[in-house]
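Some notes on the structure that comes next.
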Amino acid sequence: MRIAVTGSIATDHLMSFPGSFTDQLLADRLDRVSLSFLADRLEIRRGGVAANISFGLGLLGMRPVLVGAVGDDFEPYRIWLKQHGVDTDSVLVSEEQHTARFVCTTDRMQNQIATFYAGAMAEARRIDLRTVVERVGRLGLVMVSPDDPEAMLRHTRACRSLGIPFASDPSQQLARLGKNDVLELIDGALWLFTNEYEAALLQDRTGLTVAEILRRVGCWVTTHGAAGVRIRKDGRQAVAVPAVEVAGVVDPTGVGDAFRAGFLAGAAWGVPEKCAAQLGCVLAATVLDYVGTQEYRLYRDALLARLRATYGVGCAAHLVAHLRGLS
């Protein structure tokens, strides 16, 4: 299955604050907030949801097609992604804007405060998925991840028009989208991805119950951080997948993107969805060991060992043949 991943491509500025954000929040002053945090570490890393997912898929040998918009400062990043198995030839380069920026500060409790500057991402609405298909051939799946809202809608409509299965991950853009737009993004999705907070926000934005949402999508995958993942389908019992235990979290940024990469790869290989989620959890745990969203590496024996230690031998047996390309 050839997977195209649409969405943000960005540079991450990741800072660490040694205290706790909540220490500066006054309950009776929340209507007028003026906060300043002295960070003790800055890491500048490659990022963006679509690029992060594509990176993970590339490490797993999937040759994903990255679809998004960037500035003319993108070239070193393009080379990096190509070196890690990502097709970047469908990325639009803006003549006027810089590549998007993600600025995130994490406190000692792993709470985060983040700001995202769209920049060139606003031009992603100019990309036509038909030209991507003309270049690479038939796509087995399009992952529609957070992007310029008009681009997300355009890509979703193109998938329906072209008969291409799609996965929906509105996540960070739910706050900006109205009910009708959210419904258009999720209706008919093969997979719907959210975290726990986004799941509640999705219901608030649409006014739909969980059961009503499940009737609109093939499968709803919700991540719950250290509590693992829940997989739900209309008319079926929910499946819970525990998270992989991590001794010490270095940086939580990009964990959800790595999970999606693992899940999509497993699904593309045809393994059961529970096993695909387990692979996603192993990739998520791997990212937690690094600062930055694309600094991790995958080693076949270590990955299989982590699968067996957490979930037993079943999923590892399903995946062993697909992971032969890893060192």
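Just so it is clear, the model here is predicted, and its values are computed rather than measured.
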Please output the side-chain donor-acceptor pairs of residues 316-327 that fall under 3.5 Å, not counting sequence neighbours, one pair per line with the distance.
none

Donor-acceptor pairs are to be reported for all side-chain atoms of residues 65-77 against protein atoms at under 3.5 Å, with residues two or more places apart or in another chain.
from	atom 1	to	atom 2	distance (Å)
Asp73	OD1	Thr99	N	3.4
Asp73	OD1	Thr99	OG1	2.6
Asp73	OD2	Arg101	NH2	3.4
Glu75	OE1	Arg78	NE	3.3
Tyr77	OH	Gly47	N	3.1
Tyr77	OH	Gly47	O	2.7
Tyr77	OH	Gln294	NE2	2.7

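In summary, the side chains of Ser161 and Arg130 do present a donor paired with an acceptor at a separation below 3.5 Å, with no hydrogens or angles considered. Side-chain N/O atoms of Thr6 and Asp147 include no donor and acceptor closer than 3.5 Å. For the 3.5 Å distance criterion, the side chains of Arg45 and Thr11 fail to qualify, holding no donor opposite an acceptor.
Scored by the side-chain hydrogen bond (donor to acceptor under 3.5 Å, both in side chains) test, Arg157 finds Glu184 as partners (sequence neighbours excluded).
The backbone N or O of Gly225 sits nowhere less than 3.5 Å from a side-chain atom of Thr223 that would complete a donor-acceptor pair. Put simply, the side chain of Arg260 never gets that close to the backbone of Val49: no donor and acceptor are under 3.5 Å apart. A side-chain donor-acceptor contact under 3.5 Å links Asp87 to the backbone of Asp89.
Residue Arg300 places its CZ atom among more than 12 non-hydrogen atoms of other residues, nucleotides or ligands, all under 6.0 Å distant.
Between Ser36 and Leu38, the closest side-chain pair of non-hydrogen atoms is not below 4.5 Å.
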Go through Trp220 and Phe193 one step at a time and tell me if the ring pair (Phe, Tyr, Trp, His ring centres under 6.0 Å) criterion holds.
CA-CA 6 Å; Trp220 188 357; Phe193 292 97; over 10 Å; no
